Amino acid sequence: MGTGSARLRTRPCGRDPADGTGRGCVPSSPAVPIFASCHGRTPPPPSGRPGPVCDHAETMAKSVLTPQSEDFPRWYADVVAKAGLAENGAARGTMIIKPWGYAIWERIQAELDARIKATGHDNVSFPLFIPYSFLQREAQHVEGFSPELAVVTHAGGEELAEPLVVRPTSETVIGDAMSRWVQGHRDLPLLLNQWANVVRWELRPRLFLRTTEFLWQEGHTAHATFDEAQAETLLILHHVYDDVIRNVMGIPSLLGRKTDQERFAGADSTYTLEALMRDGKALQLGTSHNLGQNFAKAFGITYSDADGGQQHAWTTSWGVSARLVGGLIMAHGDDRGLRLPPALAPVQVVVLAVKDEAIAACERLVGELTHAGVRTRLDGRTSQSFGRRAVEWELKGVPVRLEVGPRDLEAGSLTLVRRDRDRKETIPLEGAAAASADLLDAIQSGLLAEAEARRSAATTDVDTAAAVEGAGFFRLPWDRLGTGGEADLAERGYTVRCLVREDGAVPAPQENDGLIAYVARAY
RNA sequence: CGGGAUGUAGCGCAGCUUGGUUAGCGCGCCACGUUCGGGACGUGGAGGCCCCGGGUUCAAAUCCCGGCAUCCCGACCA
């Protein structure tokens, strides 16, 4: 054919290597950025001419999305639309989560749910409607939430005697139930969780990040002592949330305590996980609250202690939402779309049959991979062009793609593409399942390492609030900043994302001396 | 709530200033054929309450009045 040399130049692992072993150069080839030199150019001339260096790798670079560097919010909207994650609902601020977006959420849910149960919590389901009066029982709570409440005043064709609130969160209804369920100290701790939708009226919605209705998980617990409640608050923060977010989703986050300004309405102290997105803005991924005895007092959650005295319980609440999907997109996504960490990906390996005659071989591969415990999908939609399908899986962020075509079958090989690097390799068909499964761990840790490196490069130590300028995290002494400095920063669009001890640990509820404030612009 | 803009095919838009053929274009969709190793091509086709209501006129997507809806810009939140 005469195209061999051109191909070899563009693809270090050309499918017809001179040694004829079909092995290409899997272990030794340097990380060649195959599309770096031809980004965004016009399509290559018809193949068969040993002309330009780029061959088909050139079109591989053609971006379907607005580049991140050009307009990050637009890039985000493009990814959500083109990867088929979600779209706007008919009513303002609502969201339709599409199959791929929901599959990602279901994976997050599964990982969280397993850990929530493993730490002794039981799932329950509480009502969507809450009597308005419940909200009013806790002064801080109503005050914090009333601007974003959706209130039902009419139903069944009549005006309601007492309006109903569509739950913005469930501390109040659950507090009411707890007051009946908790009688003696033997009923404690009471460890509950629910998966639910909640409604908070939003003026500026953004798919996944801020919508009027959203899906989340909310945990609610009651304890006999402050210390137990505090231990629960931090257990969830570290061993449920951070474990999933870091080890499954591959996102490093800062764990710390919120300032009084940013505290949850009704909490004594709020702990948070804050992650840095690729545009240098911070995103709050989850919160865990020590509610002290505020809700116990408001709802009469009391118990008889071992000495027969009546005590108020100590409660906590904690939640993460489908916003995590938004965080995932913005933490890992690149100009070609989503990049899913394998531990999370609904599909870890997609096997793409270039033409019909490759389908049987693909089915065998899918069988081997599935047998090895890899979440695998076959793409045998040969009525659609190869390119369209390749782009689609790239947008969707599937970590590994195996392409099998007629030429591969002849050579006993296939093409492997890893999404984290967008590098193509030709490997033998024999053992390909095992080889691609082995890659998953490397991709997982690579994405986390990349995000960590990006964050540390974007974190700056400063001495004064005035020095806070631009993107990324700014560290400065909380003693020096104070509540006044916090207010000044707010006017310039910056917030104190969280307070952390000098040694990186999470501060105690009342601890205030020697803390570091992490400041950033946030979503 | 204040300011700016937009409603025309599933999506993105043109047409409106200066009223007048059958309301167009791109993408998508359907059929057939050729293709398939990075968003294929050809031919044919389907798809419209021109946001709603009124008015002006022989004639309104186009002009006038009134609604409604959506989007963008200024104070909060998983």
Side-chain angles (χ1 to χ4, degrees), chain A residues 3 7 10-11 14-16 34-35 38 43-44 46-47 54-65 73 81-82 87-88 90-93 143-149 168-169 196-206 208-218 241 258 261-265 270 272-274 283-289 317-327 336-337 352-358 381-395 401 403-409 411 413-415 417 422 424 426 490-491 495 522-523:
Chain A
T3 56
R7 242 181 238 130
T10 53
R11 305 201 325 165
R15 67 184 78 81
D16 44 6
I34 21 182
F35 50 85
C38 43
S47 61
C54 273
D55 197 45
H56 74 262
E58 175 166 283
T59 36
M60 183 167 171
K62 198 163 63 177
S63 182
V64 199
L65 306 169
K82 299 223 173 185
E87 59 187 50
N88 286 310
R92 183 194 165 82
E143 194 187 327
F145 277 107
S146 46
E148 34 187 352
L149 290 182
T169 178
N197 57 340
V198 287
V199 167
R200 297 180 189 177
W201 216 251
E202 283 296 345
L203 298 179
R204 223 169 265 316
R206 276 247 253 156
F208 289 113
L209 299 175
R210 249 188 343 240
T211 50
T212 282
E213 179 192 3
F214 59 91
L215 301 181
W216 78 342
Q217 153 283 124
E218 49 179 322
Y241 292 162
K258 284 292 190 187
Q261 193 70 36
E262 303 274 327
R263 204 173 357 105
F264 174 75
T270 289
T272 179
L273 298 98
E274 301 282 332
L283 180 69
Q284 177 175 305
L285 294 180
T287 47
S288 185
H289 316 290
S317 70
W318 26 277
V320 293
S321 73
R323 167 184 276 186
L324 286 172
V325 177
R336 312 176 64 75
L352 199 160
V354 176
K355 295 189 71 170
D356 283 333
E357 52 260 52
R381 300 171 296 167
T382 51
S383 61
Q384 290 200 44
S385 73
F386 168 83
R388 176 168 295 271
R389 292 182 289 147
V391 166
E392 183 184 328
W393 292 115
E394 226 154 59
L395 282 165
R401 186 169 75 249
E403 303 170 355
V404 185
R407 290 200 287 267
D408 286 312
L409 294 179
S413 65
L414 57 70
T415 303
V417 193
D422 285 322
K424 294 195 175 194
T426 299
E491 282 177 24
T495 46
Y523 278 97

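Everything numeric here is computed off the predicted structure, so don't read it as measured data. All chains are named by letter (A, B, ...) in the order of the sequence lines, taking the proteins before the strands, and each is independently numbered beginning at 1. Values below: all heavy atoms of this structure, side chains included; hydrogens, waters and symmetry mates excluded.
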Using the salt bridge (charged side-chain N to carboxylate O under 4.0 Å, His left out) rule, take A/Glu202 and A/Arg200 through it: C-alpha gap first, then chi angles, then the decisive distance, then the call.
CA-CA 6 Å; A/Glu202 283 296 345; A/Arg200 297 180 189 177; over 6 Å; no
Candidate pair A/Thr287 and A/Trp318, rule side chain to side chain contact (heavy atoms under 4.5 Å, CB included), full reasoning:
CA-CA 6 Å; A/Thr287 47; A/Trp318 26 277; over 6 Å; no
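Summarising the geometry, the separation between CD on A/Glu357 and P on B/U35 is reported as 12 Å, rounded to the nearest angstrom. Atom pair A/Glu143:CD and B/A75:P shows a separation of 20 Å (rounding to whole Å applied). Nucleotide B/G37 holds its P atom 13 Å from the CD atom of A/Gln384, rounded to whole Å. Atom P of nucleotide B/C76 and atom CG of A/Leu149 are separated by 17 Å, given to the nearest angstrom. Summarising the geometry, the separation between CG on A/Asp356 and C1' on B/C36 is reported as 10 Å, rounded to the nearest angstrom. If you measure from atom CD of A/Glu491 to atom P of B/A75, you get 10 Å, rounded to the nearest angstrom. The nearest whole Å value for the distance from the CZ atom in A/Phe386 to the P atom in B/A40 is 11 Å. A/Arg200 has its CZ atom 11 Å from the C1' atom of B/C76, to the nearest Å.
When the C1' atom is compared between B/G42 and B/U57, the two are found 47 Å apart, to the nearest whole Å. Taking atom C1' on both B/C29 and B/G48, the two are 16 Å apart, rounded to the nearest angstrom. Atom P of B/U6 sits at a distance of 10 Å from the matching atom of B/A14, rounded to the whole Å. Annotation: B/C72 and B/G15 have their P atoms spaced 23 Å apart (nearest Å). Nucleotides B/C36 and B/A40 place their C1' atoms 8 Å apart, quoted to the nearest Å. Remark: the separation of the C1' atoms in B/C64 and B/A9 is 28 Å, to the nearest Å. Distance noted for atom P between B/G54 and B/U17: 23 Å (whole Å). If you take atom C1' in B/C13 and the same atom in B/C71, they sit 16 Å apart, rounded to whole Å.
Of the side-chain N and O atoms in A/Arg388, none sit less than 4.0 angstrom from OP1 or OP2 of B/G37. When the side-chain nitrogen and oxygen atoms of A/Arg204 are compared with OP1 and OP2 of B/C73, one or more of them lie within a distance under 4.0 Å. Distances shown here put a side-chain N or O of A/Arg92 below 4.0 Å from the OP1 or OP2 atom of B/C71.
Annotation: cation-pi pair A/Arg336/A/Trp393 absent, no NZ/CZ under 6.0 Å from the ring centroid and within 45° of its normal.
In this structure, A/Ser317 reaches neither bases nor backbone, as no heavy-atom distance under 4.0 Å exists between it and the strands shown. Residue contacts for A/Pro168: at a heavy-atom cut-off of 4.0 Å it reaches no nucleic acid atom on any strand shown. At the heavy-atom level, A/Arg389 lies nowhere under 4.0 Å from the strands shown. No contact: A/Glu218 has no heavy atom under 4.0 Å from any strand.
Aromatic pair A/Phe264/A/Phe145: ring centres closer than 6.0 Å.
Between A/Lys424 and A/Val417, the shortest heavy-atom distance links the atoms CG-CG2, 3.8 Å.
Remark: ring of A/Phe214 stacked against base of B/A78; centroid gap under 5.5 Å, plane tilt under 30°.
The shortest side-chain heavy-atom distance between A/His289 and A/Arg263 does not fall under the 4.5 Å cut-off. A heavy-atom distance below 4.5 Å is not found between the side chains of A/Val198 and A/Pro168. Contact of the A/Gln284 side chain with the A/Leu273 side chain is not registered, since no non-hydrogen atoms from C-beta on lie closer than 4.5 Å.
In this structure a side-chain-to-backbone donor-acceptor pair under 3.5 Å is missing from A/Tyr523 to A/Gly327. Between the A/Arg323 side chain and the A/Gly286 main chain, no donor and acceptor come within less than 3.5 Å of each other.
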Base-contact (B) and sugar-phosphate-only (S) positions in nucleotides 1-12 of chain B, heavy-atom cut-off under 4.0 Å, - elsewhere
------------
Under the 3.5 Å Watson-Crick or G-U criterion, the dot-bracket string of RNA chain B, with | for inter-strand pairs:
(((((((..((((......[...)))).((((((.....)))))).....(((((..]....))))))))))))....
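Comparing A/Ser321 and A/Pro205 by the nucleotide of RNA chain B whose heavy atom lies nearest to each, the residue mapping closer to the 5' end is A/Pro205.
Judged as a salt bridge (Lys or Arg N to Asp or Glu O under 4.0 Å), and not counting sequence neighbours, A/Glu262 has no contacts.
Listed nucleotides: B/G37, B/C36, B/C77. Nearest to the side chain of A/Lys355: B/C36. Here the side chain of A/Thr415 is nearest to one of B/C76, B/G37, B/C36, namely B/G37.
With respect to the salt-bridge test (charged N to carboxylate O, under 4.0 angstrom), the residues A/Glu274 and A/Lys258 qualify.
Side-chain N/O atoms of A/Ser385 and base N/O atoms of B/A40 include no donor-acceptor pair closer than 3.5 Å.
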